[in-house]
Amino acid sequence: MNRSRLAPGAGIVTVPGGLPVLRTAEGGFLRIDTGGTDPRELVARLTQGEGTHPDPAELGSLVAAFEQAGHAVTEPRRPPLTGRTVHLLGDPLLTEPLSRFAAAEGAEVHPATADDVAGLAGRRDTAVVWCLDSPVPDGLWDTADRLPSRHTAWLRCHREGAHTWIEPLASAPGDVTAAHVRRRRLAATAAHRELAAYWAGHRTSDTGPHPTEASAALIAALLTADLITWANGEPPRGAALPAHRRLRRMDLRDLTVTEHPVLPVPEVAPLPAPSARATA
């Protein structure tokens with residue numbers, strides 16, 4: 001029969017002269033009262049695989065307590081992106097490591113083109129990730145920005161000079177889109193005219209720096225972490241900002257990453273039409 005074992009990340013620490021201690025996957029320590037059971041039997045039971053004999057009653061109760069608390073599991077852990085499909089677009093130096101990382105976490109990964117994006121709307125277990133080693137041309141992401149309103153996840157990054165921007169994960173109506181990020185950034189700088197001109201292409205030719213193997217791997221890892229958050233449906237423990245409200249900037253010169261909160265931009269109601277004046 002298939003018997004439970006310690007959950008991934010959990011372990012039992014033997015304290016000299018004292019009771020055994022459970023180190024949880026979260027890093028906490030819990031004393032274990034084994035009662036009349038030899039602690040060595042409990043350790044052996046929770047670290048073995050298959051077995052053919054039922055557990056003695058007291059040992060079985062201990063194991064059941066571990067299972068109920070999530071510290072012992074029967075089934076092996078499934079990769080977190082199992083059952084999810086990820087479509088990748090953009091520059092290969094970023095999409096190639098991301099493809100490997102997402103597949104390693106269980107995702108079904110497919111290359112895509114800009115023409116494919118509209119047809120992916122409405123697929124709830126699907127994410128579209130677009131990675132650019134350049135600024136975003138005006139209008140390029142307009143179609144993809146409509147994906148979250150149809151419950152298809154939308155994640156993206158791009159580079160401006162020495163900085164790569166990793167924009168918030170959007171997977172539901174009302175989440176932060178690329179257009180929202182642009183508006184927020186323009187509103188936050190006194191050089192909004194210059195920034196808008198830079199985005200529109202009124203700039204000198206690109207001088208880099210381009211992502212290196214190390215920085216590309218880090219960008220891909222951060223994007224993969226956001227995809228896992230999307231698949232889990234909840235923010236990771238200890239996260240300072242949730243993935244759908246977090247704009248990250250990576251300095252490619254020293255690989256420092258800073259986080260900035262960002263909110264969606266509400267739709268502005270049109271001004272009321274002027275009332276007609278009575279004529280004499």
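Counting begins at 1 with the first residue of the sequence. Keep in mind that this is a model prediction, so the values were computed, not measured.
Panel note: side chain Asp91, backbone Asp133; a donor-acceptor pair is recorded below 3.5 Å. A distance-only check finds a donor-acceptor pair linking the side chain of Arg184 to the backbone of Leu263 [under 3.5 Å]. The backbone N or O of Arg78 sits nowhere less than 3.5 Å from a side-chain atom of Thr82 that would complete a donor-acceptor pair. Remark: the backbone N or O of Glu75 is not paired with any side-chain donor or acceptor of Arg5 at under 3.5 angstrom. Judged by distance alone, with hydrogens and angles left aside, the side-chain atoms of Glu167 form no donor-acceptor pair with the main-chain N or O of Leu155 at under 3.5 Å. Remark: the backbone N or O of Gly208 is paired with a side-chain donor or acceptor of Asp206 at under 3.5 angstrom. One N or O on the side chain of Arg156 and one on the backbone of Pro168 form a donor-acceptor pair closer than 3.5 Å. Of the possible donor and acceptor atoms, none in the side chain of Arg159 sits under 3.5 Å from a partner among the backbone N and O of Ser134. Formation of a donor-acceptor pair under 3.5 Å by the Thr24 side chain with backbone atoms of Gly28 is found in this model. Remark: side-chain polar atoms of Thr152 are not paired, donor with acceptor, to backbone N or O of Pro148 under 3.5 angstrom.
Follow the hydrophobic side-chain contacts under 4.5 Å out from Ile228 and you reach Trp230 in the same cluster. Residues Leu81 and Phe101 do not share a hydrophobic cluster, defined by chaining ILVMFWY side chains whose heavy atoms lie under 4.5 Å apart. Linking ILVMFWY side-chain heavy atoms closer than 4.5 Å, directly or via other members, places Leu22 and Val63 in a single hydrophobic cluster. Follow the hydrophobic side-chain contacts under 4.5 Å out from Trp141 and you never reach Ile219; the two are in separate clusters. Hydrophobic clustering (side-chain heavy atoms under 4.5 Å, transitive across Ile, Leu, Val, Met, Phe, Trp, Tyr) keeps Leu19 apart from Val43.
Residues Thr95 and Leu89 fail the side-chain proximity criterion, which asks for heavy atoms closer than 4.5 Å. Annotation: side chain of Met250 is in contact with side chain of Leu222 (closest heavy-atom distance under 4.5 Å). A 4.5 Å side-chain heavy-atom check between Leu223 and Cys157 finds at least one atom pair inside the cut-off.
A pairwise comparison of heavy atoms in Leu255 and Ala214 identifies CD1-CB, 4.5 Å as the closest pair. When all heavy atoms are compared, the tightest approach of Pro97 to Pro92 is CD-O, 3.9 Å. When every heavy atom of Ala7 is checked against every heavy atom of Val73, the shortest pair comes out as CA-CG2, 4.0 Å. Listed here is the closest heavy atom pair of Ala178 and Trp154: N-NE1, 4.4 Å. Taking both residues in full, the closest heavy atoms of Arg77 and Pro8 are given as CB-CG, 4.2 Å, listed atom of the first, atom of the second, then distance. Of all non-hydrogen atoms in Pro79 and Ala104, the two that sit nearest each other are CB-O, 4.5 Å.
Classification of Arg182 and Asp138 as a salt-bridged pair holds, one side-chain N sitting under 4.0 Å from a carboxylate O.
Of the N and O atoms on the side chains of Asp175 and His244, not one donor lies less than 3.5 Å from an acceptor on the other residue. Thr212 and Ser215 are linked by a side-chain donor-acceptor pair at a separation below 3.5 angstrom, with hydrogens and angles left out of the test. No donor-acceptor contact under 3.5 angstrom links the side chains of His87 and Thr85, judged on distance only.
Between atom NE2 of residue His71 and atom OG of residue Ser4 there is a gap of 13.0 Å, rounded to the nearest 0.5 Å. Atom CG in Leu140 sits 11.0 Å away from atom NE2 in His158 (nearest 0.5 Å). Atom CZ in Arg146 sits 11.0 Å away from atom CZ in Arg150 (nearest 0.5 Å). Note that CZ of Arg249 and NE2 of His163 are 4.5 Å apart. Values are rounded to the nearest 0.5 Å. Here Leu6 contributes atom CG and Leu46 contributes atom CG; the two are 4.5 Å apart, rounded to the nearest 0.5 Å. Separating the CG atom in Leu94 from the CG atom in Leu132 is a distance of 8.5 Å, to the nearest 0.5 Å.
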**Request:** Could you please spell out the steps behind the side-chain contact (heavy atoms from CB on, under 4.5 Å) verdict for Leu227 and Arg84?
**Result:** CA-CA 9 Å; Leu227 290 172; Arg84 306 287 177 149; over 6 Å; no
**Item:** Check against side-chain contact (heavy atoms from CB on, under 4.5 Å), Ile32 and Leu42
**Value:** CA-CA 10 Å; Ile32 305 171; Leu42 177 64; 3.9 Å; yes
**Stepwise side-chain contact (heavy atoms from CB on, under 4.5 Å) check, Thr258 with Thr256** = CA-CA 7 Å; Thr258 55; Thr256 56; 5.6 Å; no
Could you list the donor-acceptor pairs under 3.5 angstrom formed by side chains in residues 111-126, with sequence neighbours left out?
| residue | atom | partner | partner atom | Å |
| --- | --- | --- | --- | --- |
| Thr113 | OG1 | Asp115 | N | 3.4 |
| Thr113 | OG1 | Asp116 | OD2 | 3.1 |
| Asp116 | OD2 | Thr113 | N | 2.8 |

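Identified under the ring pair (Phe, Tyr, Trp, His ring centres under 6.0 Å) test for residues 3-34, with sequence neighbours left out: none. Applying the side chain to side chain donor-acceptor pair (under 3.5 Å) rule to pairs touching residues 192-205 yields Glu160-Trp199, sequence neighbours excluded.
Both tests hold for Arg185 against Trp165: distance to the six-membered ring centre under 6.0 Å, angle to the ring axis within 45°.
By the neighbour-count criterion of 12 heavy atoms within 6.0 Å, atom CG of Asp33 is sparsely surrounded, having that number or fewer from other residues, nucleotides or ligands.
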